[in-house]
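Quick caveat: nothing in here was measured; it's all calculated off a predicted structure. Just so it is clear: chains get the letters A, B, ... in the order the sequence lines come, proteins before strands, and each one is counted from 1.
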Amino acid sequence: NAGVTQTPKFRILKIGQSMTLQCTQDMNHNYMYWYRQDPGMGLKLIYYSVGAGITDKGEVPNGYNVSRSTTEDFPLRLELAAPSQTSVYFCASSYSLPSEYQETQYFGPGTRLLVL
Amino acid sequence: QKEVEQDPGPLSVPEGAIVSLNCTYSNSAFQYFMWYRQYSRKGPELLMYTYSSGNKEDGRFTAQVDKSSKYISLFIRDSQPSDSATYLCAMNRGGADGLTFGKGTHLIIQP
(Lines give C-alpha, C1' and ligand atoms only; values in the text may rest on other atoms or scores of the structure.)
Protein backbone atom coordinates (compact mmCIF):
# COMPACT_ATOMS: atom_id res chain seq x y z
CA ASN A 1 0.00 0.00 0.00
CA ALA A 2 1.22 3.49 -0.84
CA GLY A 3 -0.94 4.93 1.96
CA VAL A 4 -1.86 8.59 1.52
CA THR A 5 -0.20 10.32 -1.42
CA GLN A 6 -0.23 14.04 -2.20
CA THR A 7 0.76 16.03 -5.26
CA PRO A 8 2.46 18.37 -5.89
CA LYS A 9 5.15 18.39 -3.21
CA PHE A 10 5.83 22.10 -3.65
CA ARG A 11 4.21 24.93 -5.58
CA ILE A 12 4.63 28.67 -5.92
CA LEU A 13 1.47 30.60 -6.83
CA LYS A 14 0.90 34.22 -7.68
CA ILE A 15 -1.84 36.13 -5.86
CA GLY A 16 -5.18 35.47 -7.52
CA GLN A 17 -4.16 32.23 -9.23
CA SER A 18 -5.98 28.99 -8.58
CA MET A 19 -4.81 25.44 -8.11
CA THR A 20 -5.90 22.01 -6.95
CA LEU A 21 -4.00 19.99 -4.38
CA GLN A 22 -4.42 16.28 -5.01
CA CYS A 23 -4.85 13.62 -2.33
CA THR A 24 -5.29 9.88 -2.91
CA GLN A 25 -5.44 6.97 -0.48
CA ASP A 26 -5.38 3.27 -1.31
CA MET A 27 -6.46 1.91 2.08
CA ASN A 28 -10.21 1.99 1.37
CA HIS A 29 -10.67 4.56 4.12
CA ASN A 30 -14.07 6.21 4.42
CA TYR A 31 -12.95 9.38 6.17
CA MET A 32 -10.62 11.93 4.64
CA TYR A 33 -9.34 15.27 5.92
CA TRP A 34 -7.44 18.35 4.85
CA TYR A 35 -5.31 20.27 7.35
CA ARG A 36 -2.99 23.22 7.06
CA GLN A 37 0.10 23.76 9.20
CA ASP A 38 1.62 27.21 9.60
CA PRO A 39 5.17 27.62 10.96
CA GLY A 40 5.39 26.84 14.68
CA MET A 41 1.70 25.95 14.82
CA GLY A 42 -0.31 22.80 15.08
CA LEU A 43 -2.50 21.54 12.29
CA LYS A 44 -5.88 23.13 11.66
CA LEU A 45 -8.74 21.35 9.92
CA ILE A 46 -9.91 22.88 6.63
CA TYR A 47 -12.48 20.35 5.34
CA TYR A 48 -13.38 16.74 5.91
CA SER A 49 -15.41 14.01 4.22
CA VAL A 50 -17.16 10.99 5.70
CA GLY A 51 -17.61 9.26 2.36
CA ALA A 52 -18.01 9.80 -1.37
CA GLY A 53 -20.32 12.73 -2.07
CA ILE A 54 -20.29 14.04 1.53
CA THR A 55 -18.09 16.91 2.70
CA ASP A 56 -18.19 19.38 5.56
CA LYS A 57 -16.32 22.46 6.77
CA GLY A 58 -13.67 22.38 9.43
CA GLU A 59 -12.17 25.18 11.49
CA VAL A 60 -10.61 27.24 8.63
CA PRO A 61 -12.57 26.62 5.37
CA ASN A 62 -12.58 30.15 3.91
CA GLY A 63 -10.83 30.36 0.54
CA TYR A 64 -10.99 26.61 -0.11
CA ASN A 65 -13.33 24.11 -1.73
CA VAL A 66 -13.37 20.32 -1.81
CA SER A 67 -15.13 17.49 -3.58
CA ARG A 68 -15.27 13.73 -2.99
CA SER A 69 -16.45 11.85 -6.05
CA THR A 70 -14.65 8.60 -5.19
CA THR A 71 -13.56 6.86 -1.99
CA GLU A 72 -9.90 7.21 -2.97
CA ASP A 73 -9.61 10.90 -3.94
CA PHE A 74 -10.18 14.11 -2.00
CA PRO A 75 -8.86 17.15 -3.90
CA LEU A 76 -8.58 20.61 -2.30
CA ARG A 77 -9.21 23.63 -4.50
CA LEU A 78 -7.85 27.16 -3.98
CA GLU A 79 -9.76 29.56 -6.22
CA LEU A 80 -8.10 32.94 -5.59
CA ALA A 81 -4.77 32.41 -3.89
CA ALA A 82 -3.82 34.89 -1.16
CA PRO A 83 -0.55 35.27 0.81
CA SER A 84 -2.43 34.10 3.93
CA GLN A 85 -2.75 30.69 2.26
CA THR A 86 1.00 30.17 2.31
CA SER A 87 1.28 27.02 4.38
CA VAL A 88 1.95 23.30 4.35
CA TYR A 89 -1.15 21.27 3.51
CA PHE A 90 -1.65 17.75 4.79
CA CYS A 91 -4.24 15.24 3.71
CA ALA A 92 -5.21 12.46 6.14
CA SER A 93 -7.52 9.46 6.12
CA SER A 94 -9.03 6.96 8.54
CA TYR A 95 -11.12 3.82 8.14
CA SER A 96 -13.73 4.73 10.75
CA LEU A 97 -14.54 7.07 13.60
CA PRO A 98 -12.23 6.90 16.61
CA SER A 99 -13.02 4.03 18.93
CA GLU A 100 -11.43 2.12 21.76
CA TYR A 101 -10.01 -0.35 19.25
CA GLN A 102 -9.50 1.65 16.09
CA GLU A 103 -6.58 3.94 15.51
CA THR A 104 -7.23 6.94 13.38
CA GLN A 105 -5.89 9.40 10.85
CA TYR A 106 -2.87 8.57 8.78
CA PHE A 107 -1.23 11.51 7.07
CA GLY A 108 0.28 12.13 3.67
CA PRO A 109 3.69 13.77 3.13
CA GLY A 110 2.26 17.25 2.57
CA THR A 111 2.22 19.97 -0.09
CA ARG A 112 4.22 23.12 0.57
CA LEU A 113 2.49 26.15 -0.95
CA LEU A 114 3.98 29.62 -1.30
CA VAL A 115 1.74 32.46 -2.49
CA LEU A 116 3.56 35.59 -3.66
CA GLN B 1 -7.64 29.91 26.46
CA LYS B 2 -6.60 27.62 23.62
CA GLU B 3 -8.20 24.19 23.50
CA VAL B 4 -4.85 22.40 23.57
CA GLU B 5 -1.68 23.82 25.10
CA GLN B 6 1.76 22.39 24.33
CA ASP B 7 5.16 23.90 25.06
CA PRO B 8 6.90 24.38 21.69
CA GLY B 9 10.41 23.96 23.14
CA PRO B 10 12.98 23.32 21.91
CA LEU B 11 13.69 20.60 24.46
CA SER B 12 17.29 19.36 24.31
CA VAL B 13 18.41 16.26 26.25
CA PRO B 14 21.42 13.92 26.10
CA GLU B 15 21.17 10.53 24.44
CA GLY B 16 19.85 7.85 26.80
CA ALA B 17 17.80 10.26 28.93
CA ILE B 18 14.12 9.83 29.70
CA VAL B 19 12.05 12.43 27.88
CA SER B 20 8.72 13.74 29.14
CA LEU B 21 6.40 15.61 26.76
CA ASN B 22 3.08 17.06 27.89
CA CYS B 23 -0.14 18.69 26.76
CA THR B 24 -3.03 20.21 28.64
CA TYR B 25 -6.49 20.72 27.27
CA SER B 26 -9.68 22.52 28.23
CA ASN B 27 -12.46 20.56 26.51
CA SER B 28 -13.67 17.74 28.76
CA ALA B 29 -15.44 16.12 25.78
CA PHE B 30 -12.15 14.85 24.36
CA GLN B 31 -11.98 11.06 24.64
CA TYR B 32 -9.29 9.96 22.19
CA PHE B 33 -5.72 11.09 22.55
CA MET B 34 -2.85 10.70 20.13
CA TRP B 35 0.80 11.51 19.81
CA TYR B 36 2.26 12.11 16.39
CA ARG B 37 5.94 12.39 15.50
CA GLN B 38 6.88 14.74 12.67
CA TYR B 39 10.33 14.85 11.15
CA SER B 40 11.38 18.00 9.32
CA ARG B 41 9.53 18.45 6.02
CA LYS B 42 7.55 15.23 6.51
CA GLY B 43 3.98 14.35 7.39
CA PRO B 44 2.91 13.51 10.96
CA GLU B 45 3.33 9.82 11.85
CA LEU B 46 0.98 8.24 14.39
CA LEU B 47 3.03 7.13 17.40
CA MET B 48 0.58 6.41 20.21
CA TYR B 49 -3.21 6.20 20.44
CA THR B 50 -5.08 6.12 23.76
CA TYR B 51 -8.74 5.98 24.62
CA SER B 52 -9.90 7.70 27.82
CA SER B 53 -7.71 7.71 30.93
CA GLY B 54 -4.85 5.33 31.62
CA ASN B 55 -1.47 4.26 30.35
CA LYS B 56 -0.34 2.61 27.15
CA GLU B 57 3.13 1.29 26.47
CA ASP B 58 4.78 0.46 23.15
CA GLY B 59 8.48 -0.32 23.26
CA ARG B 60 10.36 2.73 24.53
CA PHE B 61 7.21 4.89 24.43
CA THR B 62 4.56 5.31 27.14
CA ALA B 63 1.47 7.48 26.79
CA GLN B 64 -0.47 8.60 29.85
CA VAL B 65 -3.87 10.28 29.98
CA ASP B 66 -5.31 11.90 33.10
CA LYS B 67 -8.78 13.12 32.15
CA SER B 68 -9.49 14.46 35.65
CA SER B 69 -6.58 16.90 35.27
CA LYS B 70 -7.01 17.31 31.49
CA TYR B 71 -3.36 16.37 31.07
CA ILE B 72 -1.62 13.95 28.73
CA SER B 73 2.00 12.86 28.59
CA LEU B 74 4.39 10.97 26.38
CA PHE B 75 7.49 9.38 27.88
CA ILE B 76 10.43 8.22 25.79
CA ARG B 77 12.93 5.90 27.49
CA ASP B 78 16.53 5.44 26.37
CA SER B 79 16.18 8.35 23.95
CA GLN B 80 18.11 8.12 20.67
CA PRO B 81 19.28 10.82 18.24
CA SER B 82 16.76 9.38 15.77
CA ASP B 83 14.01 10.47 18.18
CA SER B 84 14.85 14.10 17.37
CA ALA B 85 11.66 15.47 15.82
CA THR B 86 8.59 17.54 16.59
CA TYR B 87 6.01 15.73 18.73
CA LEU B 88 2.39 16.77 18.28
CA CYS B 89 -0.38 15.88 20.68
CA ALA B 90 -3.84 15.55 19.17
CA MET B 91 -7.28 14.70 20.49
CA ASN B 92 -10.82 14.04 19.35
CA ARG B 93 -14.30 13.93 20.90
CA GLY B 94 -15.25 10.81 18.97
CA GLY B 95 -16.86 12.46 15.98
CA ALA B 96 -15.87 12.76 12.34
CA ASP B 97 -14.82 16.39 12.60
CA GLY B 98 -11.08 15.87 12.74
CA LEU B 99 -8.39 16.20 15.37
CA THR B 100 -7.48 19.17 17.55
CA PHE B 101 -3.71 19.57 17.72
CA GLY B 102 -1.23 21.19 20.03
CA LYS B 103 1.48 23.35 18.48
CA GLY B 104 4.07 20.58 18.83
CA THR B 105 7.26 20.28 20.90
CA HIS B 106 10.58 20.32 19.08
CA LEU B 107 12.78 17.64 20.67
CA ILE B 108 16.55 17.40 20.20
CA ILE B 109 18.49 14.36 21.41
CA GLN B 110 22.17 15.18 21.70
CA PRO B 111 24.56 12.27 20.80
Side-chain angles (χ1 to χ4, degrees), chain A residues 2-7 9-10 23 25 27 29-51 54-61 66 68 74 88-112, chain B residues 2-10 21 23-27 29-54 56 58 61 63 65 67 72 85-106:
Chain A
V4 179
T5 57
Q6 293 183 239
T7 57
K9 290 183 179 180
F10 176 68
C23 174
Q25 52 89 12
M27 298 175 283
H29 284 176
N30 295 311
Y31 300 83
M32 296 188 73
Y33 307 83
W34 274 106
Y35 294 87
R36 59 177 287 172
Q37 184 178 33
D38 298 326
M41 304 294 289
L43 285 73
K44 293 189 182 299
L45 183 67
I46 305 172
Y47 270 95
Y48 64 98
S49 169
V50 302
I54 307 171
T55 63
D56 208 344
K57 296 177 181 179
E59 183 182 355
V60 289
V66 293
R68 183 101 182 266
F74 190 40
V88 182
Y89 292 86
F90 290 102
C91 180
S93 72
S94 63
Y95 180 72
S96 68
L97 291 176
S99 75
E100 185 176 356
Y101 308 104
Q102 176 65 46
E103 297 182 344
T104 187
Q105 299 213 20
Y106 296 90
F107 284 77
T111 293
R112 306 181 76 85
Chain B
K2 293 188 184 298
E3 274 201 297
V4 180
E5 299 275 5
Q6 184 177 10
D7 186 339
L21 304 169
C23 289
T24 60
Y25 62 95
S26 59
N27 189 343
F30 288 134
Q31 298 187 69
Y32 303 92
F33 304 90
M34 285 137 272
W35 286 95
Y36 283 85
R37 179 174 61 195
Q38 185 177 27
Y39 291 113
S40 180
R41 296 184 175 262
K42 300 291 186 183
E45 169 194 12
L46 183 63
L47 201 57
M48 298 291 283
Y49 176 91
T50 309
Y51 167 65
S52 194
S53 285
K56 184 174 182 179
D58 185 0
F61 300 91
V65 175
K67 289 189 70 178
I72 69 171
T86 295
Y87 289 79
L88 297 152
C89 64
M91 44 202 80
N92 179 276
R93 295 169 293 179
D97 57 344
L99 301 176
T100 301
F101 282 86
K103 289 185 178 182
T105 298
H106 181 45

Residue pairs, two or more places apart or on separate chains, that pass salt bridge (Lys or Arg N to Asp or Glu O under 4.0 Å) and touch residues 38-51 of chain B: B:R37-B:E45
Contacting region of A:L97 [heavy-atom separation from chain B under 4.5 Å]: side chain
Residues, nucleotides or ligands: over 12 heavy atoms within 6.0 Å of A:Y95 OH: no
List for me each residue that meets ring pair (Phe, Tyr, Trp, His ring centres under 6.0 Å) alongside A:Y33, sequence neighbours excluded, and say none if there are none. none
Counting only non-hydrogen atoms closer than 4.5 Å, does A:Q37 touch chain B with its backbone (N, CA, C, O), its side chain (CB onward), both, or neither? side chain
Tell me, side chain or backbone of B:Q38 under 4.5 Å from chain A's heavy atoms, or both, or neither? side chain
Where on A:Y35 is there a heavy atom nearer than 4.5 Å to chain B: the side chain, the backbone, both, or neither? side chain
Assign the ring pair A:F107 / B:Y36 to parallel, tilted or perpendicular, where the plane angle (0 to 90°) is split at 30° and 60°. perpendicular
Is B:P44 close to chain A through its backbone or its side chain, or both, or neither, when contacts mean heavy atoms under 4.5 Å? both
Name the member of B:G102, B:G98, B:G95, B:G104 that forms the most heavy-atom pairs with chain A at distances under 4.5 Å. B:G98
Find the one option among A:Y47, A:Y31, A:Y106, A:F90 whose heavy-atom pairs under 4.5 Å with chain B are most numerous. A:F90
With a 4.5 angstrom heavy-atom cut-off, is it the side chain or the backbone of B:D97 that approaches chain A, or both, or neither? both
Of all heavy-atom pairs linking B:W35 and B:A63, the shortest is CD1-CB, 4.3 Å
When B:Y51, B:Y25, B:Y49 are each screened for ring pair (Phe, Tyr, Trp, His ring centres under 6.0 Å) with B:F33, the one that passes is B:Y25
